[in-house]
Amino acid sequence: MPDSGAMTTLAESIASLRSRIAAAARDAGRDPAAVTLVAVSKVQPEERVEAALAAGQRVFGENRVQEAQGRWGERRAAWPELQLRLIGPLQTNKAKDAVRLFDVIETVDRPKLARSLAEAMAATGRRPDCLIQVNTGEEPQKAGVTPRETEALYRLCAEECGLPVRGLMCIPPVEEPPALHFALLADLAGRLGLPVLSMGMSDDFETAVRYGATHVRVGTALFGTRVAPQPTVA
Ligand SMILES: *Cc1c(COP(=O)(O)O)cnc(C)c1O
């Protein structure tokens with residue numbers, strides 16, 4: 001078993017993350033079971049992903065449809081309890097592929113995408129849960145709907161498109177303290193009556209849990225530094 005060292009290390013890092021999440025939840029008077037650790041496996045080598053599966057991790061986040069298809073397409077069948085979450089921007093022309101592969105699409109951020117997802121769901125018969133991505137810092141280069149427009153997009157998704165919208169997701173600006181962004185997202189979700197809050201990454205997941213995160217998306221703190229992507233075959 002050449003991998004046993006890597007497996008132990010990864011199992012340990014998952015266990016340690018789980019206990020930090022649980023401690024942050026208890027501090028905030030929340031049930032630790034209400035917080036799900038999403039392992040962000042984008043650009044991670046296969047052996048680390050295998051080790052995470054061996055350690056019992058079942059919820060994974062990927063940010064590119066094509067990369068996720070390559071990694072999970074065949075493997076899905078072997079892991080019935082697997083849950084795959086799309087956490088990166090989605091092009092409308094990939095909506096159908098995304099609906100086929102993912103169980104949750106966290107990055108619905110515009111009417112055109114909502115309509116494409118509705119069509120893809122009708123065509124495939126699959127209905128992955130959807131989250132609306134909110135650009136809480138209103139950064140021009142970042143995906144997501146503005147906080148002001150969130151309610152309107154939610155109504156369009158739920159009422160006009162019939163999407164199963166369960167919650168909100170955000171990626172705070174790197175140079176700002178994240179707490180205000182988490183509080184804003186929690187407030188928006190509360191007003192819309194949405195139960196799912198995907199927020200918090202390697203550096204700030206404990207803060208996110210204190211502000212009500214139900215899903216924390218952790219990459220490097222779980223798997224280690226992302227290695228450079230393999231060259232794509234043309
Ligand atoms: C890469 C990524 C993460 C994980 O980031 P880390 O800092 O490695 O934990 C979380 N969310 C999104 C949307 C990402 O793209």
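As the structure lists them, so they are numbered: ligands from 1, and atoms in each ligand from 1. Counting begins at 1 with the first residue of the sequence. Just so it is clear, the values below take in all heavy atoms, side chains as well, and ignore hydrogens, waters and symmetry mates.
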*Which heavy atom of the protein is the closest neighbour of atom 15 (O) of ligand 1, given with residue, atom name and distance?*
K42 NZ, 2.7 Å
_Atoms of ligand 1 close to R217 [distance to a heavy atom under 4.0 angstrom, numbered from 1]_ = 4 (C), 9 (O), 10 (C), 11 (N), 12 (C), 13 (C)
*If you measure from the Lys or Arg side-chain nitrogens to the Asp or Glu carboxylate oxygens, is any gap between D109 and K142 under 4.0 Å?*
no
*asked:* I'd like to know if the side chain of E67 and the backbone of V43 have a donor-acceptor N/O pair within less than 3.5 Å.
replied: yes
_Closest approach of any protein heavy atom to atom 12 (C) of ligand 1, naming residue and atom_ = I87 CD1, 3.5 Å
*Could you list the atoms of ligand 1 found under 4.0 angstrom from a heavy atom of V218?*
9 (O)
_salt bridge (Lys or Arg N to Asp or Glu O under 4.0 Å) evaluation trace for R155 with E151_ = CA-CA 6 Å; R155 302 228 168 275; E151 177 165 2; 3.0 Å; yes
*Backbone of I87 reached by a side-chain donor or acceptor of N63 within 3.5 Å*: no
*For the pair E160 and R115, find out whether any cationic side-chain nitrogen is under 4.0 Å from an anionic carboxylate oxygen.*
yes
_Closest to atom 9 (O) of ligand 1 (judged by heavy-atom distance), picking from C170, S202, S198_ = S202
_Counting only heavy atoms not in D203 (residues, nucleotides, ligands), do more than 12 fall under 6.0 Å from its CG?_
no
*asked:* Using a 4.0 Å cutoff against the non-hydrogen atoms of R226, which atoms of ligand 1 qualify?
replied: 1 (C), 8 (O)
*Go through ligand 1 atom by atom and flag the ones less than 4.0 Å from a non-hydrogen atom of T220.*
6 (P), 7 (O), 8 (O), 9 (O)
*Which protein non-hydrogen atom lies closest to atom 3 (C) of ligand 1, naming both residue and atom, and how far is it?*
M201 SD, 3.8 Å
*Taking distance alone, with no angle check, do G219 and ligand 1 share an N/O pair under 3.5 Å?*
yes
_Does either side chain, that of Q44 or that of S41, offer a donor lying less than 3.5 Å from an acceptor on the other one?_
no
*Mark yes when over 12 heavy atoms from residues, nucleotides or ligands other than R64 sit less than 6.0 Å from its CZ; otherwise mark no.*
no
*Identify, by atom number and element, the atoms of ligand 1 in contact range of I171, meaning under 4.0 Å from any of its heavy atoms.*
13 (C)
*Using a 4.0 Å heavy-atom threshold (strictly under), name the region of L222 that reaches ligand 1: side chain, backbone, both or neither.*
neither
